[in-house]
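To keep things clear, I will list the structure first and then write my remarks on it.
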Amino acid sequence: MPTTYTDLISDVRKRTKQISLEELRRRMDAGEKLTLVDVREKDEWRAGYIPGAVSLPRGFLEIQVEQKLPDKNARIVAYCAGGTRSALAAATLQELGYTNVETANPGFVRWRDLGFPVETPPELSDAQRDRYSRHILLPEVGEAGQVRLLKSKMLLLGAGGLGSPAAMYLAAAGVGTLGIVDADVVDASNLQRQILHATSRVGTPKVESAAKTLSELNPDVKVVPYRERMTSANVERLFADYEVIVDGTDNFPTRYLVNDASVWLGKAVVHGSIFRFDGQVTTFVPERAARAIGMPAGPCYRCLYPEPPPPHLAPSCQEAGVLGILCGIIGTIQATEAIKTVLGRGTTLAGRLLTYDSLRMKFNELRLRRDPECPVCGPKPSITSYIDYEGFCAVG
Ligand SMILES: [Zn+2]
């Protein structure tokens, strides 16, 4: 049993395998699959770390290790500034059942002096670290993911039933720029479901009301209001700056414009719609968007419905009722899809239509297939310019 610090360290060094920085560099360059664990304090980490390392300060080692290092047989190399803390950490990891742990000796200080590659973490302010701490704790988001969200730009079509919950969660999540397209003013009959708005703002433009709610919720978010209706004349201008489109409008003219623009400009579209007690969501990921975000492509809307129905067959939706809460479910699923798309995490609803029946409380899924003869996204497109379809109603 060691009795002094010197004894303890020499005992630990005997029990843990040490590797030199040169060897570590050589193995990294050779593409060896290893998990680098940086056990220094957070402020040391912020000043720079070895590329690819996982931050696991020694003081939190036992608490966070299972979450951050789930595989107990992974090849782990721990490092600190000089090699002592990482040796102690490596001994602890072995006691916790990790079977393949090494420690770098010396550590990061020498690594930097040798001119070996160093990465610095993306910059978040202390206030942002605090605000987004529950995101940062998720390894799938982390600081890098949060910085990505803060740099992301999403366009919401409609500040109504679906746009409201979607906008609120996207703003809360720290999506840096939220464009909102809506030409309407707030009506008292909107307030049963359009939670962006308030009784005191009946009669004011929805985009203004939305901007007020969202900037109070999160001042990190830049809200860009577009008080206009989408047409073939403005769709490209509206889409140009944004990477993901969250479509909460539910009318045929807009749906086809959004689809054609998204295919031609390469934007992912998260589409939601609601009717009475039922809702549905899917994510359209055209080929070009799929390449940009590194996710699989899926069908476009015209793969499913090449042309809108004739006006006399279109559902008359002007007076249709809707369970207000339904908007919360569908709009929030849309926001989830938009966040995943930007982060490049998980599997989107590309190629799947998720349906929700609130009365029976059932979710179902329909497979959507790409049409090789699609008039827009197929190899020989027959539609190559925007079409303004007229004569359909819209659900608010
Ligand atoms: Zn298509």
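Order of listing sets the numbers, starting from 1, for every ligand and every atom in it.
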*Does any donor atom in the side chain of D220 or Y132 lie under 3.5 Å from an acceptor atom in the other side chain?*
yes
*Under 2.8 Å from the Zn ion (ligand 1), which protein N/O/S atoms are there?*
C300 SG, C303 SG, C374 SG, C377 SG
*Under 3.5 Å side-chain donor-acceptor pair for R352 and T347*: no
_Using the rule given for side-chain hydrogen bond (donor to acceptor under 3.5 Å, both in side chains), can you reason through Y356 versus D278, listing the C-alpha separation, both sets of side-chain angles and the distance that settles it, and then say yes or no?_
CA-CA 6 Å; Y356 170 58; D278 298 317; over 6 Å; no
_If only side-chain N and O atoms count, and only distance matters, is there a donor-acceptor pair under 3.5 Å linking N251 with T249?_
no
*Any donor-acceptor N or O pair under 3.5 Å, side chains S209, T204*: no
*Looking just at side-chain N and O atoms, do T355 and N364 make a donor-acceptor pair shorter than 3.5 Å?*
no
